[in-house]
Trainee: 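One structure, pasted below without further comment.
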Amino acid sequence: MSFFLIVIIIFLLLVIGWKYMSMQKLKRELNEMHDKLSNIIEQESANKVLMQTNRPSIQQMLIQVNRLLSHNQKVVADNVRTKASMKKMLSNMSHDLKTPLTVILVYIEKLNKDKTISEEERYEIMTRLHEKILNVIGLMNKFFDLAKLESGDDDFPISRLSVNEICRKNVLEFYHLLQEKGLRVEVDIPEQDYFILGNENSLNRILSNLISNAIHYGSDGGVIGLTIREVGENIAIDIWDEGKGIAEPHQDRVFERLYTMDDARNPEFQGSGLGLSITKRLTEAMNGKIKLISQPYKKTVFTCIFKRITY
């Protein structure tokens, strides 16, 4: 056997041996990846598949596996939060509906069983009964509206809106209530017209919610205000009061669904925790944003900011 043939045979044996060892190493790495991935799945942990390898193909596979794990873990976390939120929502719905429905039942039983009540008493009971029924309908509508907003199932036509005109109209709609409560009203609406792209019904609801909120929660300050101002290329609408305000721990959470802050402002008024959440979602649906700044007995301001258009 010639020397060159021996060299070739040795070289081939080395190549075969190297490939065999390389295949064995690849098999060990794949088995290690399999074991670690199986362990993460079985334990439902938030870990990633971490291992040492100098193979670019295995490294790329690890990157994609870990991306998939991150996505899956986020989906699982979102589902857990959604279930907890739905559970809380149902609990709150049950609680919020139970009280007025119980009162309604008491009124109806009194009307049915007590034949001695006078017409004046009967009229008074019927008036209260009517108010409670309207409260229940209003609460149910808020739940349905929020559900539609969150599912993206709401009709939302966009058009050119005059911010000045809509703000004036909304302040006027609360004029009699403001007078009854003896509140001073400070309105700063510039003569120059400002326009945005938005949904008129939604902007009306945003303003109505915020003005109503200021009246219910901030009337102890004696003044309610609305201001329109330019902020760069945007338009800001401030709804403000000088009442008790919102304590700092609550300020980051007031827009959360079903989060109530009654103890922080006016415990005599029981809110559903839906109004500000709906307001935030409507504002964002018009590509705007809403923020809150509150200094107790100085100024509590809800500010909606929208992109200004000049045509």
Trainee: Would you say that Gln192 contacts Glu230 through its side chain, given a criterion of any heavy-atom pair below 4.5 Å between the two side chains?
Mentor: yes
Trainee: Give a yes or no on whether Tyr297 and Ile224 share a hydrophobic cluster (residues Ile, Leu, Val, Met, Phe, Trp, Tyr; joining criterion: side-chain heavy atoms under 4.5 Å apart).
Mentor: no
Trainee: Do Cys167 and Ile237 make a side-chain contact, defined as non-hydrogen atoms from C-beta onward lying under 4.5 Å apart?
Mentor: yes
Trainee: Mind checking the CG-CZ spacing from Leu129 to Arg122? Nearest 0.5 Å is all I need.
Mentor: 11.5 Å
Trainee: Taking the side chain as everything from C-beta on, heavy atoms only, tell me whether Ile215 gets closer than 4.5 Å to Phe174.
Mentor: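 Yes, side chains in contact.
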Trainee: Could you tell me the separation between the CG atom of Asn199 and the CG atom of Leu282, rounded to the nearest 0.5 Å?
Mentor: 8.0 Å
Trainee: Is there a path of hydrophobic side-chain contacts, each under 4.5 Å between heavy atoms, that joins Tyr107 and Leu101?
Mentor: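 Yes; tracing contacts between hydrophobic side chains, which count when under 4.5 Å, links both residues.
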Trainee: Measure the shortest side-chain to side-chain distance between Thr283 and Phe306 over non-hydrogen atoms and say whether it is less than 4.5 angstrom.
Mentor: yes
Trainee: Can you list the residues that meet the side chain to side chain donor-acceptor pair (under 3.5 Å) rule with Gln73, with sequence neighbours excluded?
Mentor: Lys48
Trainee: Show your working on side chain to side chain contact (heavy atoms under 4.5 Å, CB included) between Asp241 and Lys299 and close with a plain yes or no.
Mentor: CA-CA 6 Å; Asp241 64 74; Lys299 208 168 193 180; over 6 Å; no
Trainee: Just verifying a value: how many Å separate Ile239 CD1 and Ile211 CD1, rounded to the nearest 0.5 Å?
Mentor: 4.5 Å
Trainee: Just jot down the side chain to side chain donor-acceptor pair (under 3.5 Å) partners of Glu186, sequence neighbours excluded, or say none.
Mentor: Arg184
Trainee: Kindly work out whether a path of hydrophobic side-chain contacts (I/L/V/M/F/W/Y, heavy atoms less than 4.5 Å apart) joins Phe302 to Val185.
Mentor: yes
Trainee: Apply the test side chain to side chain contact (heavy atoms under 4.5 Å, CB included) to residues Ser212 and His216: give CA-CA distance (whole Å), side-chain angles for both, the deciding distance (0.1 Å), then the verdict.
Mentor: CA-CA 6 Å; Ser212 176; His216 283 300; 3.3 Å; yes
Trainee: Do Tyr194 and Ile309 sit in one hydrophobic cluster, given that two such residues count as connected whenever their side-chain heavy atoms are within less than 4.5 Å of each other, even indirectly?
Mentor: yes
Trainee: So, do Ile305 and Lys291 sit near enough that their side-chain heavy atoms are less than 4.5 Å apart?
Mentor: yes
Trainee: Could you check whether atom CD of Gln179 has more than 12 heavy atoms from other residues, nucleotides or ligands sitting under 6.0 Å from it?
Mentor: yes
Trainee: Report yes if the side chains of Lys307 and Leu197 come closer than 4.5 Å at any heavy-atom pair, otherwise no.
Mentor: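 Result no, sub-4.5 Å side-chain heavy-atom pair not found.
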Trainee: Taking only Lys NZ, Arg NE, NH1 and NH2, and the carboxylate oxygens of Asp or Glu, determine whether Glu200 and Arg160 approach each other closer than 4.0 Å.
Mentor: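 Looking at Arg160 together with Glu200, the answer is no, because their closest N to O distance does not fall below 4.0 Å.
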Trainee: Under the side chain to side chain donor-acceptor pair (under 3.5 Å) criterion, do Arg281 and Ser277 qualify, and how do the steps go?
Mentor: CA-CA 6 Å; Arg281 281 163 175 75; Ser277 182; 2.6 Å; yes
Trainee: Measure the spacing between CG of Asn209 and CG of Asn204 and express it to the nearest 0.5 Å.
Mentor: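 It comes to 11.0 Å.
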Trainee: Restricting to non-hydrogen atoms, name the atom on Asn170 and the atom on Ser208 that form the minimum distance, rounded to 0.1 Å.
Mentor: OD1-N, 3.9 Å
Trainee: Which atom pair, heavy atoms only, marks the closest approach of Asp193 to Ser162?
Mentor: OD1-OG, 4.2 Å
Trainee: For Gly198 versus Met286, what's the shortest heavy-atom pair and its separation?
Mentor: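 Of all heavy-atom pairs spanning Gly198 and Met286, the closest is CA-SD, 3.4 Å.
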Trainee: Considering all heavy atoms of both residues, which atom of Thr300 and which atom of Ser294 are nearest to each other, and what is their separation?
Mentor: OG1-OG, 2.8 Å
Trainee: Salt bridge check: are Lys169 and Glu165 linked by an N-O gap of less than 4.0 Å?
Mentor: no
Trainee: Tell me, with the steps shown, if Leu226 and Asp238 meet side chain to side chain contact (heavy atoms under 4.5 Å, CB included).
Mentor: CA-CA 6 Å; Leu226 183 148; Asp238 298 325; over 6 Å; no
Trainee: Quick one: does Leu161's side chain get under 4.5 Å of Leu203's, heavy atoms only?
Mentor: yes
Trainee: What is the distance from atom CD of Glu121 to atom CG of Asp114, rounded to the nearest 0.5 Å?
Mentor: 7.5 Å
Trainee: Might you work through the side chain to side chain contact (heavy atoms under 4.5 Å, CB included) test for Asn164 and Arg168, ending with a clear yes or no?
Mentor: CA-CA 6 Å; Asn164 309 54; Arg168 287 192 194 99; 3.7 Å; yes
Trainee: Atom CD1 of Ile235 and atom CZ of Arg308: how far apart are they, to the nearest 0.5 Å?
Mentor: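 Separation between the atoms: 5.0 Å.
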Trainee: If Ile, Leu, Val, Met, Phe, Trp and Tyr residues are connected whenever their side-chain heavy atoms lie under 4.5 Å apart, and connections chain through other members, are Ile189 and Leu172 in the same group?
Mentor: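 No, no single cluster joins them.
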Trainee: On a heavy-atom basis, which atom in Ile246 and which in Leu292 lie closest, and how many Å separate them?
Mentor: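 It is CD1-CD2, 3.7 Å.
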Trainee: Side chains of Trp240 and Val223: closer than 4.5 Å at any heavy-atom pair?
Mentor: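 The answer is yes; the side chains approach within 4.5 Å.
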